[in-house]
Amino acid sequence: LLTGHWSVFTVTPSSHVNKLLSICSQRMFLLKILKQQGLPLEKLNIIYNAIIVSRITYALPVWAGFLTADLTNRINALLAKAFRYGYTKQCNNLSKLISQMDDSFFKSLKYHGHCAHYLLPPPKAVGHNLRQRGHNDQLPRCKYNQHKNSFICRYLYRNCKIKQAA
């Protein structure tokens, strides 16, 4: 507010993916130069994972729920191109990366020491003796798609093995 103007920054999934793909395309050029210089595939794969996959997977559990099919296809096209050009040993798929990152994030989220643990709803207190449940979480009512796609709702429904109603 030093200049007297309020700025509002809105990050949409499409603007985030556009910026992400722009950065990753520049990094693919670096991989092209390294491959032309004779760097072996094992080393290229390490650098690919360090500068491209890590960029895509950064905070992926948070923004993955808001991706459209078009945005997912654009990211998958970049990952397929890297494999086709010989920068990596395996062809990554965004859905596989999302699943891996969700598993890792959701596993750590349930511990009380995690910085985002406070975002989880309190455990549901059951005063009567019912059959054993697979969880003791209060499940939120997901009325709007943005809430339904948030990582907390995805965690709760995935953790509880309950499918969200469409």
Which side-chain N or O atoms in residues 41-50 pair as donor and acceptor under 3.5 Å with protein atoms at least two apart or in another chain?
unit_1 : atom_1 : unit_2 : atom_2 : d
Asn45  : OD1    : Thr88  : OG1    : 2.7
Asn45  : OD1    : Lys89  : N      : 3.3
Tyr48  : OH     : Asn92  : ND2    : 3.3
Asn49  : ND2    : Asn45  : O      : 3.2

Of all pairs that satisfy side chain to side chain donor-acceptor pair (under 3.5 Å), the ones with a partner from residues 73-82, not counting sequence neighbours: Asn18-Arg74
Taking side-chain hydrogen bond (donor to acceptor under 3.5 Å, both in side chains) as the definition, give me every residue that meets it alongside Ser104, ordered by chain and number, with sequence neighbours left out. none
Looking only at heavy atoms, what is the nearest atom pair of Ala80 and Cys91, with distance? CA-SG, 4.0 Å
Apply side chain to side chain contact (heavy atoms under 4.5 Å, CB included) to His114 and list each qualifying residue two or more places apart in sequence or on a separate chain. Phe105, Ser108, Leu109, Ala116, His117
Give a yes or no answer on whether the side chain of Thr57 reaches the backbone of Leu60 with a donor-acceptor pair at less than 3.5 Å. no
Quick one: does Trp63's side chain have a donor or acceptor within less than 3.5 Å of a partner on Tyr58's backbone? yes
Contacts of Ser54 that satisfy side chain to side chain contact (heavy atoms under 4.5 Å, CB included) - sequence neighbours left out: none
Set of side-chain hydrogen bond (donor to acceptor under 3.5 Å, both in side chains) partners for Ser95, sequence neighbours left out: Asn93
Quick one: side chains of residues 19-33, donor-acceptor pairs under 3.5 Å with protein atoms, not counting sequence neighbours, listed by atom name and distance.
unit_1 : atom_1 : unit_2 : atom_2 : d
Ser25  : OG     : Leu21  : O      : 2.8
Arg27  : NH1    : Ile51  : O      : 2.6

Partner residues of Thr72 under the side-chain hydrogen bond (donor to acceptor under 3.5 Å, both in side chains) criterion, sequence neighbours left out: none
Sequence neighbours excluded, which residues qualify as side-chain hydrogen bond (donor to acceptor under 3.5 Å, both in side chains) partners of Tyr87? none
Run the side-chain contact (heavy atoms from CB on, under 4.5 Å) test on Gln90 and Lys96 for me, step by step, so that the C-alpha distance in whole Å, both residues' side-chain angles and the decisive distance to 0.1 Å come before the verdict. CA-CA 12 Å; Gln90 63 187 14; Lys96 184 176 101 175; 4.3 Å; yes
Membership question, hydrophobic clusters at under 4.5 Å side-chain separation (ILVMFWY): are Phe83 and Leu94 in the same one? no
